[in-house]
2 protein chains.
Amino acid sequence: MTEIDTRGRILDAAELLFTEQGFEATTLRQITGAAAVNLAAVNYHFGSKEALVREVFRRRLTWLNQQRLQELERLEAEAGGAPLKPSRILEVFFGAALKMAADTEGGGRTFMRLLGRTYTKPSEFVRGFLAEEYAAVIERFKAALIKSLPGVPAEEIFWRFHFMLGAMSYAISGADALHVVAPDAIDDGDPEALHARLMSFMLGGLRAPLPALRAKPAKPPRVSKAA
Amino acid sequence: MTEIDTRGRILDAAELLFTEQGFEATTLRQITGAAAVNLAAVNYHFGSKEALVREVFRRRLTWLNQQRLQELERLEAEAGGAPLKPSRILEVFFGAALKMAADTEGGGRTFMRLLGRTYTKPSEFVRGFLAEEYAAVIERFKAALIKSLPGVPAEEIFWRFHFMLGAMSYAISGADALHVVAPDAIDDGDPEALHARLMSFMLGGLRAPLPALRAKPAKPPRVSKAA
DNA sequence: GTCTATATCGGGATAGAC
DNA sequence: GTCTATCCCGATATAGAC
């Protein structure tokens with residue numbers, strides 16, 4: 001059935017196990033066992049466990065981010081210099097992720113759950129790598145959003161983008177986290193419904209009234225005890 | 001300076017290391033080293049590494065959730081049966097967490113970062129424990145929100161609550177995650193500003209227009225290939 | 001390129017003196 | 001209640017036959 005080569009089998013097995021257990025808790029023995037390949041194959045094909053981890057991310061992330069950039073560029077070309085609607089921008093960025101997350105068969109769902117979690121706690125050796133993969137995309141989408149929401153300060157947009165990433169991460173990890181708080185699970189199996197729910201939530205958040213921020217002190221947030 | 005007993009020193013050190021590295025990657029030797037206690041002390045005081053992990057969560061979580069319940073009950077008593085404003089409810093639930101997260105000195109911040117991440121990927125032996133700790137709180141807040149938003153279906157509220165948890169988690173993990181996507185960091189050091197930003201985002205999301213959901217099929221989402 | 005066998009290391013846990 | 005010393009296991013990685 002799965003007629004792929006050793007290298008691919010290892011990557012698939014690793015992806016799944018990393019998602020279920022994290023890198024640290026996953027052993028090469030588990031991976032090679034699940035992939036039905038020899039223990040030594042990992043070091044032969046990837047050189048080390050860390051290199052394997054990086055490759056698990058790389059093969060999907062570069063593709064995902066390329067999709068996002070292409071879509072955004074297409075929309076911007078269509079608009080011919082006019083700002084895009086926020087909903088369109090979110091649709092491209094998060095839609096790509098949700099689409100991948102909806103791919104239960106091909107392992108996309110597994111990967112997105114892994115990504116969401118890793119993102120919050122990047123082990124030192126993944127952090128630099130992730131930053132590199134994301135740099136271009138974030139820059140472009142941030143710019144598009146700023147242009148799209150002239151009334152909203154760039155800093156606020158950035159934070160809201162960050163919050164949205166969090167919401168998406170939890171949305172995708174759904175089953176994992178929901179069953180903690182929800183005694184009886186709710187659907188979770190309908191990607192389209194999830195997509196619609198998340199988008200409306202995000203748009204609501206993105207367009208919310210600006211928070212009333214107290215004028216921030218130049219630097220010293222705490223007055224010295226001597227008045 | 002830190003004049004606390006062995007047990008407390010171990011808990012503090014473990015909390016910090018777990019947050020930085022995860023449980024799996026953290027060794028008892030690191031913990032006892034950082035706490036400046038003997039290696040055998042962990043097993044003496046807690047029985048096992050797993051029990052230590054649970055205790056790290058328990059000591060802060062029960063307190064946090066008690067605070068939430070007390071606050072909510074106080075508000076509900078004040079209102080005398082009338083529904084609460086959504087903003088008040090969110091303020092209680094997330095405010096308690098953010099307040100704890102703002103406590104840089106006492107380790108509250110560290111703990112909340114740990115919690116946010118664990119929540120998405122509960123190791124089997126923590127999941128049951130977390131569910132138990134949360135059951136009562138979630139039930140009460142869910143009920144309050146449903147009462148507070150008569151126009152919104154309970155299922156939608158549940159999802160939005162879930163999204164909000166994700167947003168908060170990322171908000172608190174701020175530095176960790178932001179520096180991945182943001183080449184140059186943004187403030188992140190101002191808890192009050194973060195609080196205000198997050199609240200306005202969440203309220204916007206919670207009150208967003210309902211998503212247009214296609215009537216969901218009874219069960220078979222995929223038609224059989226035989227027409 | 002795939003296997004077996006093994007080197008080397010560091011993990012959690014415990015026994016038993018103090 | 002705290003220490004030292006140690007057991008036992010399973011981890012990554014590699015050497016070398018096939």
Side-chain angles (χ1 to χ4, degrees), chain A residues 1-59 114 118 121-129, chain B residues 1-59 114 118 121-129:
Chain A
M1 192 186 290
T2 49
E3 196 56 51
I4 38 175
D5 59 341
T6 300
R7 192 185 151 86
R9 305 250 297 283
I10 293 176
L11 285 171
D12 288 346
E15 185 174 68
L16 182 58
L17 286 164
F18 288 163
T19 303
E20 286 170 352
Q21 313 179 335
F23 322 126
E24 303 89 348
T26 302
T27 71
L28 295 187
R29 284 172 168 84
Q30 288 177 309
I31 296 171
T32 52
V37 302
N38 189 271
L39 171 61
V42 167
N43 274 288
Y44 178 79
H45 284 283
F46 300 94
S48 74
K49 187 183 175 183
E50 285 199 359
L52 169 62
V53 172
R54 271 190 297 265
E55 183 58 21
V56 163
F57 281 97
R58 206 204 48 74
R59 67 168 179 165
L114 173 61
T118 310
K121 190 211 83 181
S123 319
E124 207 44 66
F125 76 98
V126 198
R127 165 173 288 149
F129 169 73
Chain B
M1 193 185 293
T2 48
E3 198 54 51
I4 38 175
D5 60 341
T6 300
R7 192 185 151 86
R9 305 251 296 284
I10 292 175
L11 284 170
D12 288 345
E15 183 174 69
L16 183 57
L17 285 164
F18 288 163
T19 304
E20 285 170 352
Q21 311 177 338
F23 322 126
E24 304 90 348
T26 301
T27 71
L28 295 187
R29 286 170 167 84
Q30 288 178 310
I31 296 170
T32 52
V37 303
N38 190 270
L39 172 60
V42 168
N43 274 288
Y44 178 79
H45 285 282
F46 300 95
S48 72
K49 187 184 176 182
E50 286 200 359
L52 169 61
V53 172
R54 272 190 297 265
E55 183 58 19
V56 164
F57 281 97
R58 204 204 50 73
R59 68 167 178 164
L114 174 60
T118 309
K121 192 210 81 183
S123 318
E124 207 45 64
F125 76 98
V126 197
R127 166 173 290 148
F129 168 74

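By convention in this document, chain letters (A, B, ...) are assigned in the order of the sequence lines, proteins followed by strands, and residues within each chain are numbered from 1. Note that this is a predicted model, so its numbers are computed, not measured.
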Can you name the nearest heavy-atom pair linking [X] to [Y], along with the distance?
{"X": "B:T26", "Y": "B:G22", "result": "OG1-O, 2.7 Å"}
{"X": "B:R7", "Y": "B:H45", "result": "NH1-O, 3.8 Å"}
{"X": "B:A25", "Y": "B:Q30", "result": "O-OE1, 3.5 Å"}

So what does B:T26 touch, heavy atoms closer than 4.0 Å: a base, only the sugar-phosphate, or nothing?
->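 Answer is sugar-phosphate: B:T26 comes under 4.0 Å of backbone atoms only.
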Nearest-angstrom distance from the residue atom [atom1] of [X] to [atom2] of [N]:
{"X": "A:Q30", "N": "D:dG10", "atom1": "CD", "atom2": "P", "result": "12 Å"}
{"X": "A:H45", "N": "D:dT14", "atom1": "NE2", "atom2": "P", "result": "15 Å"}
{"X": "A:L28", "N": "D:dA11", "atom1": "CG", "atom2": "P", "result": "9 Å"}
{"X": "B:K49", "N": "C:dG10", "atom1": "NZ", "atom2": "P", "result": "16 Å"}
{"X": "B:Y44", "N": "C:dC18", "atom1": "OH", "atom2": "P", "result": "19 Å"}
{"X": "A:I31", "N": "D:dG10", "atom1": "CD1", "atom2": "P", "result": "17 Å"}
{"X": "A:I10", "N": "C:dT2", "atom1": "CD1", "atom2": "C1'", "result": "11 Å"}
{"X": "A:R9", "N": "C:dT2", "atom1": "CZ", "atom2": "C1'", "result": "13 Å"}

Residues touching DNA chain D, which here means a heavy atom under 4.0 Å, drawn from residues 33-42 of chain B |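 Result for residues 33-42 of chain B: B:N38, B:A40, sorted by number.
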Considering only C:dT2, D:dA13, D:dT6, which nucleotide approaches the side chain of A:N43 most closely?
->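 Of the candidates, D:dA13 comes closest.
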What nucleotide, of C:dG11, C:dT2, D:dT2, holds the atom closest to the side chain of B:T27?
->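 Selected nucleotide: C:dG11.
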Look at the side chain of B:R29 and the base of C:dG10, then say whether one donor and one acceptor between them are separated by less than 3.5 Å.
->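 For B:R29, whose side chain was compared with the base of C:dG10, there is no donor-acceptor pair (under 3.5 Å).
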To the nearest 0.5 Å, what is the distance between CZ (A:F57) and CG (A:L52)?
->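 The CG atom of A:L52 is 10.5 Å from CZ of A:F57, to the nearest 0.5 Å.
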Starting at OG1 of B:T6, measure out to CG of B:L11 and round the result to the nearest 0.5 Å.
->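 CG of B:L11 is found 11.0 Å from OG1 of B:T6.
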So how far off straight is the helix from C:dG1-D:dC18 to C:dC18-D:dG1, going by the axes through five pairs at either end, to 10°?
->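 One end's axis against the other's: 0°.
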Qualifying residue, where the test is salt bridge (charged side-chain N to carboxylate O under 4.0 Å, His left out) with A:E15 and the options are A:R9, A:R59, A:R58 =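 Filter result, single survivor: A:R59.
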List for me each residue that meets salt bridge (Lys or Arg N to Asp or Glu O under 4.0 Å) alongside A:E50, sequence neighbours excluded, and say none if there are none.
->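 So A:E50 forms no salt bridge (Lys or Arg N to Asp or Glu O under 4.0 Å) with any residue.
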Is the side chain of B:S123 donor-acceptor paired with the backbone N or O of B:V126 at a distance under 3.5 Å, no angle test?
->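 No; judged by distance alone, with no hydrogens or angles, the pair does not exist.
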Distance test, side-chain N/O of A:T6 to OP1/OP2 of C:dT2, below 4.0 Å =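 The answer is yes; a side-chain N or O of A:T6 sits under 4.0 Å from OP1 or OP2.
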Do A:F18 and A:T118 have side chains that get closer than 4.5 Å, going by heavy atoms?
->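 Result no, sub-4.5 Å side-chain heavy-atom pair not found.
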